[in-house]
A.B. asks: 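Structure incoming, see below.
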Amino acid sequence: VSTSRPSTFRALAAATVLLGVLVSGCGADDPAVCGSVNDLKSSFDDLKGIDVTSSGALSELQTGLTTLKSDFDQVRTDAKSEFASGIDSV
């Protein structure tokens with residue numbers, strides 16, 4: 001049993017909430033964070049589609065989680081860039 005499992009589930013839950021919040025703010029003139037959120041959503045959907053009973057499931061899950069983390073980091077970077085001035089003024 002991996003000790004990182006609970007943190008992985010928390011990260012997935014946080015990513016799901018973040019996706020909902022950020023996607024609701026995307027529209028016609030999408031900032032960079034919207035593209036990053038779309039990539040994160042796609043990675044999350046890919047991860048959900050993995051057949052955990054298949055022989056290559058562990059490798060697929062590891063790759064999917066690595067991609068999800070990378071996409072999440074990009075969303076965080078883009079969100080900081082996009083909203084830093086608004087946050088700093090508060």
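Along the sequence shown, the residues carry numbers beginning at 1. Since the model is a prediction, treat every value here as computed from it, not as a measurement.
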A.B. asks: Measure the spacing between OG of S43 and CD of Q74 and express it to the nearest 0.5 Å.
C.D. replies: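 If we round to the nearest 0.5 Å, S43:OG and Q74:CD are 11.5 Å apart.
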
A.B. asks: Taking the side chain from S81 and the backbone from T77, do they hold a donor-acceptor pair closer than 3.5 Å?
C.D. replies: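 Not at all, since once roles are kept as given, no pair shorter than 3.5 Å links the two residues.
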
A.B. asks: Working to the nearest 0.5 Å, report the span between CG of D71 and CG of D39.
C.D. replies: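 Reported to 0.5 Å precision, the distance equals 5.5 Å.
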
A.B. asks: Are any of the side-chain heavy atoms of N38 and S42 separated by less than 4.5 Å?
C.D. replies: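 No, too far: nothing below the 4.5 Å cut-off.
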
A.B. asks: Look up atom CG in D46 and atom OG1 in T63, then write down how far apart they are to the nearest 0.5 Å.
C.D. replies: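 Between atom CG of D46 and atom OG1 of T63 there are 11.5 Å.
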
A.B. asks: Are L61 and L40 connected into the same hydrophobic cluster when the rule is that any two of I, L, V, M, F, W, Y join if their side-chain heavy atoms are below 4.5 Å apart?
C.D. replies: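 Yes, L40 connects to L61 through the hydrophobic network.
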
A.B. asks: I need the minimum non-hydrogen distance between L47 and L68, along with the two atoms involved.
C.D. replies: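 Nearest pair, atom of L47 first, then L68: CD2-CD2, 4.0 Å.
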
A.B. asks: Quick one: which of T67, T66, D73 gives a side-chain hydrogen bond (donor to acceptor under 3.5 Å, both in side chains) with K69?
C.D. replies: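 For K69, the side-chain hydrogen bond (donor to acceptor under 3.5 Å, both in side chains) test succeeds with only one of T67, T66, D73, which is D73.
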
A.B. asks: Closest approach of D78 and A32, non-hydrogen atoms and distance?
C.D. replies: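 D78 and A32 have their closest heavy atoms at OD2-O, 3.6 Å.
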
